[in-house]
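Worksheet: the structure to be examined is printed underneath.
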Amino acid sequence: MRILVTNDDGIHARGLVLVAQSLRTLGDVMVIAPESQQSAVGHGITLHKPLRLDPVDLGPDIEAYSTNGTPADCVILGTLGDLPCPDIVVSGINAGANLGEEVLYSGTVSAALEAALHDVPGIAISVCAYEDVIYDAAVELAPRVVETLLGNPLGCGTIVNVNVPNVPPSEIGGMEMTRLGRRKYDDIVIRREDPRGRPYYWFSGGPTEADRAPGTDIHAIMQNRISLTLVHFDLTSQQRWEGFEALAAAQPPKTGPAPA
Ligand code: MN
């Protein structure tokens, strides 16, 4: 089995090396990861500059490269480039939650979705902390999710988004299938002045967790449970919009060429 490991925290992130090592038990592991921090770059790909793949030493038995591209670029290089196509892509282990609408911004989740776009199974794994991250449970879980997904494939560009609470394995209260909650962010635009008196802006603030009902990924994490959410790229809403009938009914009469 060939496993491609990537992330958005960059090639030197601890979670990347740990998951690559843990997946060695399942097959050949190749790492392609951004050379620098790419968190929250979403699903961007690089079209206007050349991409490089530079070999990196991440320890024995792990073929590893850093790139000057995004997480989605890493997956494109790993699946469509001149390297052998992987059987599965694992993105992570991210330092920081990817819950609710964070999946839209997440480079971690986007990398897994990019794999799914190329019909390669994808898994995103995150631990819900930026500092003092406890990777143990996620490291132990990753190979099991890989084996389970390969044995129980998902269709239609769907990935498994795994979030692990930042507690020791003994404190984890199980796992559950969830839906995305909502994490609205407050006070997000901070305005300050630079030393020359010119204003600059920095996005900051924390989530308020607007939907943390039972069944959401956010609720599971609050209960110290691992959440698994199936995420796919079909953003089509199933809502019926009455406005469409009004819009269609109010269409101006067709104006075409005058009949001959
Ligand atoms: Mn990240």
Side-chain angles (χ1 to χ4, degrees), residues 3-23 29-46 51 56 58 64-78 89-116 122-139 141-142 145-146 159-167 180-185 188 202-207 209 217-218 220-221 226-229 231 233:
I3 305 167
L4 174 63
V5 175
T6 188
N7 74 351
D8 73 0
D9 291 340
I11 190 78
H12 299 297
R14 184 162 161 71
L16 178 83
V17 180
L18 290 175
V19 80
Q21 287 168 346
S22 81
L23 294 171
V29 174
M30 177 183 288
V31 174
I32 305 178
E35 63 192 7
S36 61
Q37 175 60 257
Q38 295 279 310
S39 292
V41 299
H43 210 126
I45 59 170
T46 301
L51 291 174
V56 174
L58 285 189
Y65 303 90
S66 69
T67 74
N68 53 334
T70 65
D73 287 333
C74 294
V75 174
I76 295 172
L77 288 167
V89 171
V90 175
S91 182
I93 299 168
N94 189 60
N98 279 304
L99 302 167
E101 65 263 51
E102 286 165 350
V103 301
L104 293 174
Y105 302 101
S106 171
T108 307
V109 173
S110 293
L113 281 170
E114 185 63 34
I123 299 168
I125 307 182
S126 309
V127 177
C128 299
Y130 296 105
E131 289 171 3
D132 302 321
V133 183
I134 303 169
Y135 289 102
D136 305 30
V139 167
L141 181 64
V145 181
V146 166
I159 64 146
V160 186
N161 183 38
V162 183
N163 280 273
V164 178
N166 193 45
V167 295
L180 298 176
R182 285 275 343 246
R183 304 189 99 184
K184 287 187 178 171
Y185 280 71
I188 196 166
W202 203 292
F203 295 164
S204 183
E209 288 160 3
D217 50 0
I218 295 167
I221 292 301
I226 294 166
S227 93
L228 288 86
T229 311
V231 173
F233 63 80

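When a residue number appears, it is its place in the shown sequence, counting from 1. When a ligand or atom number is given, it counts from 1 through the structure's own listing order. Treat the numbers as computed from the prediction; the structure is a model and nothing was measured.
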Problem set entry | Within-2.8 Å protein N/O/S contacts of the Mn ion (ligand 1) | D8 OD1, D9 OD1, S39 OG, N94 OD1
For this session: Only pairs at least two apart or in different chains count here, so list each side-chain hydrogen bond (donor to acceptor under 3.5 Å, both in side chains) that has a residue in residues 89-100.
Result: N94-T108, N98-S106, N98-S126
Seminar exercise, completed: Contacts of Y65 meeting side-chain hydrogen bond (donor to acceptor under 3.5 Å, both in side chains) (sequence neighbours excluded), chain-then-number -> E63
Exercise. Quick one: salt bridge (Lys or Arg N to Asp or Glu O under 4.0 Å) pairs with a partner in residues 9-18, sequence neighbours left out?
Worked result: none
Exercise. When rounded to the nearest 0.5 angstrom, what is the spacing between CG in N166 and CD in E131?
Worked result: 10.5 Å
Exercise. Between atom CG of L141 and atom CD1 of I226, what is the distance when rounded to the nearest 0.5 Å?
Worked result: 5.0 Å
Problem set entry | Lys/Arg N to Asp/Glu carboxylate O, R183 vs E101, below 4.0 Å | no
